[in-house]
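Chain A is the first sequence line, chain B the second, and so forth, proteins listed ahead of strands; every chain is numbered from 1. We use all heavy atoms of the structure for the numbers below, so side chains are in, but hydrogens, waters and symmetry mates are not.
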Protein chains: 4
Amino acid sequence: MDHSDRETSVGGKGEEQETRERILAAASQLMAQKGYKGATTRKISELAGVNEVTIFRHFKNKDAILEELLKGIMNVRQQLEDSLHGDFSELKDMLLRYARAYYEMLVERKEIMMICMIEADNHPEVMKLISSLPMTAVEVLCNKLQAFQDEGHLPRKDACVAALMFVSTCFYAFMAKYRANLELEFTEDQLFEDASEVLINGIMGKMNSHR
Amino acid sequence: MDHSDRETSVGGKGEEQETRERILAAASQLMAQKGYKGATTRKISELAGVNEVTIFRHFKNKDAILEELLKGIMNVRQQLEDSLHGDFSELKDMLLRYARAYYEMLVERKEIMMICMIEADNHPEVMKLISSLPMTAVEVLCNKLQAFQDEGHLPRKDACVAALMFVSTCFYAFMAKYRANLELEFTEDQLFEDASEVLINGIMGKMNSHR
Amino acid sequence: MDHSDRETSVGGKGEEQETRERILAAASQLMAQKGYKGATTRKISELAGVNEVTIFRHFKNKDAILEELLKGIMNVRQQLEDSLHGDFSELKDMLLRYARAYYEMLVERKEIMMICMIEADNHPEVMKLISSLPMTAVEVLCNKLQAFQDEGHLPRKDACVAALMFVSTCFYAFMAKYRANLELEFTEDQLFEDASEVLINGIMGKMNSHR
Amino acid sequence: MDHSDRETSVGGKGEEQETRERILAAASQLMAQKGYKGATTRKISELAGVNEVTIFRHFKNKDAILEELLKGIMNVRQQLEDSLHGDFSELKDMLLRYARAYYEMLVERKEIMMICMIEADNHPEVMKLISSLPMTAVEVLCNKLQAFQDEGHLPRKDACVAALMFVSTCFYAFMAKYRANLELEFTEDQLFEDASEVLINGIMGKMNSHR
DNA sequence: AATGAATGAGAATTCATTCAT
DNA sequence: TATGAATGAATTCTCATTCAT
């Protein structure tokens, strides 16, 4: 990024890393579009602007590229939890923040998410990861809602279903846009805002009706 | 082995049809599991219990198999609409019915749904279809909700978001089970019931708050 | 072999077998000349006059070709023993017959013998076989000589060394001609005859000197 | 790492030479085990503990390594002849010395001998050399025996066959041990001793019978 | 002098598809 | 109608070798 004179003259290390990144980026894009098999090493090399063999100097084999890409999907729980700080009074803002954070995470990982969906059955290691992001998202939100339940702000049951509905909505929006190339008739932010409202009412109304 | 005259002249037709079905079923299963490329003609023929070349006597080429499979995804709107008959008083039952109908449709078409997700970018004709089932589902539900709005039972705005949330939830449950092999901690029916309740409260609560 | 009209018209089976044989013959020749690696599937296919891929319809992979070839090296003990029938009075003729039989066996298997020598370290299954022909030859002759010892025709000790010397000579002649392309200054038959004589004298002389 | 001046100017030469030797040793070992093709430059460099490219700074190409190795096979005649000094009275000792000298030569050159056997057909320059050691051995021994014939100690004919048998035996023992990993049931020295005896008796007995 | 990066040629093998029967 | 044989194109990956530093 900061190609200072020193780096340019010494060269080597920076360039090598850059080549590696270009290969990963190309592989990520192609695998997301065409699947693991469809992303041939030839196509990856062409898109990355390197010789096909160079790929194999950087990665043991094609599988190793996928494994490397999969590393990017992990460790999202903390970020999701961070976006949920705050107390019950700002629940709506909190949900909005959460939706945005989750959606952004999905978008940032859209290639690898697609790869996971696509290759779930072909690569066992993928199967384990595939649920991590979506299910973690449900879990984290569910925990927060249950905390509010414990504080008496929300009715006892069903926090999980509500969390699932909310996360589903974000995920669906993501899939519609990035997999099906569909344009929804409202922006994501509008959707998240409305969905937050519906959700809160849904749980609270429930609370009321339970009372 | 016992190609009697009857079978050759009359039953032959049936056999041929059956062969064709077996090929389609095998292709469907394999493509759903391994993607279009992963479902090699060899594997399809083995699973279908026919000779590899026989495939090409029934279908011009591999693409033609996919196209044939895609036909099964269309024309679901009517069935979805049918499940939504009734008036506002039985809204909850209606939603429950809708969720079940939609979920069942997804499950019945799970292979081809997966293929669509997987191959969206590779087969342009798939891309057009991919949104048909999920988006039709949103649309149909949305229309019904808007009808209730027109009748004054529901607040003006946001029917679409609510519909989207509801359909998303069903879709998410479907994906969790059939793509990620995850077991949710409640049955689909419990989920649908709770989700219906949350949704109704969500929209009604909104109505209240808007008033 | 007997391409009768029926076989020609019905075709199929015979042709397939023939293709397979041509591939084996080509592989045998090339592996003997150039080693396992040097005998590329491309070269094999060219020499066999078939398409490269056809090889893989007949053999699972390249290794399977070698394994098939290796089968030809086994079960030589019986033939060697058969050539040793007769009693002590015709010892010289017997040795001559044995040398010829053994040498012919080597020549008939010259390709596979060479492959074994070449690939001993690369293919463990080869290692086990490699000694079979040469060492069996020593053993069989040694047993016969020991039988004569038991009958009192030959001195007690060293039958094995004598057998080893005799077999070595045949093997050396074989290697000189077929691996090193050397022309010895006498025919194989002359060599075998003289060697038989030297051997008999060697053992008998020993007998005399021992007495 | 610590390229001190001394090492660069003086020791450098030694280091460079040492590197070269390490490459040759590694190549020799690997080619003997795995053949010319099996001994990849990568494996050679790893075994030699140098960078792969370094090989090409020391040798024009892979072939040049083999050519260098082949030089080691030449000029053995003098040593073989030296081991044959002495007169007829000590014939048995002489043969024993000869067998040991020849066997030791083979063992010292076992890698390159194997390479020659393996690559005879692939490298024309190898073909010329391949016979040098074994055939020189026959020739030298044959000459000595013929000298004894000229002195009247041995019968006229067949010295060559006897020499061939003797050398064959040594060679066979060498091949059994170093190529086929076979353990003979007696030590090399026992074998050489017995073989010498058989040989002498063989020629002398012949002499007697001719008289 | 030595090394890390890069590559063209070629390896074995798979795949969808055609041909001939 | 169904099948066994055959194949051209493409795939992943290896190897010897060159370039630039």
Intra- and inter-strand pairing of DNA chain F, written as dot-bracket with Watson-Crick and G-U pairs under 3.5 Å and | for the latter, reads .||||||||||||||||||||
Using a cut-off of less than 4.0 Å, is there contact between a side-chain N or O of H58(A) and OP1 or OP2 of dA6(E)?
-> yes
Which residues pass the side-chain hydrogen bond (donor to acceptor under 3.5 Å, both in side chains) test with [X], not counting sequence neighbours?
X	value
R57(A)	none
D63(D)	Y36(D)
E68(B)	R20(B), K71(B)

d([atom1], [X]; [atom2], [N]) in whole Å:
X	N	atom1	atom2	answer
R20(C)	dA6(F)	CZ	P	12 Å
K62(C)	dC13(F)	NZ	P	19 Å
Y36(A)	dT11(F)	OH	P	14 Å
I65(C)	dA12(E)	CD1	P	9 Å
E18(B)	dA2(F)	CD	C1'	15 Å
N61(C)	dT13(E)	CG	P	5 Å
K34(C)	dA11(E)	NZ	P	12 Å

Check whether any side-chain heavy atom of K43(D) sits under 4.5 Å from a side-chain heavy atom of K34(D), and report yes or no.
->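 Answer yes - side chains close enough.
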Side chain to side chain, L70(D) and C116(D), heavy atoms closer than 4.5 Å | yes
The residue, K37(A) or D63(D), whose nearest nucleotide of DNA chain F is more 5′ is K37(A)
All ring pair (Phe, Tyr, Trp, His ring centres under 6.0 Å) counterparts of Y178(D), not counting sequence neighbours |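 Y178(D): ring pair (Phe, Tyr, Trp, His ring centres under 6.0 Å) contacts with F174(D).
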Chi angles and distances behind the side-chain contact (heavy atoms from CB on, under 4.5 Å) call for I44(B), V50(B) = CA-CA 9 Å; I44(B) 293 172; V50(B) 302; over 6 Å; no
Please confirm whether any donor atom in the side chain of R57(D) sits under 3.5 Å from an acceptor in the base of dA1(E), or the reverse.
->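 Side chain to base: no pair below 3.5 Å.
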Identified side chain to side chain donor-acceptor pair (under 3.5 Å) counterpart of T41(B) within the set K62(B), E46(B), E52(B) | E52(B)
What parts of residues 40-56 of chain C reach DNA chain E, counting only heavy atoms under 4.0 Å away?
->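 The answer is T40(C), T41(C), R42(C), E52(C), V53(C), F56(C).
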For the pair M113(B) and R179(B), evaluate side-chain contact (heavy atoms from CB on, under 4.5 Å) and give the outcome as yes or no after the intermediate values.
-> CA-CA 10 Å; M113(B) 284 301 304; R179(B) 173 88 299 200; over 6 Å; no
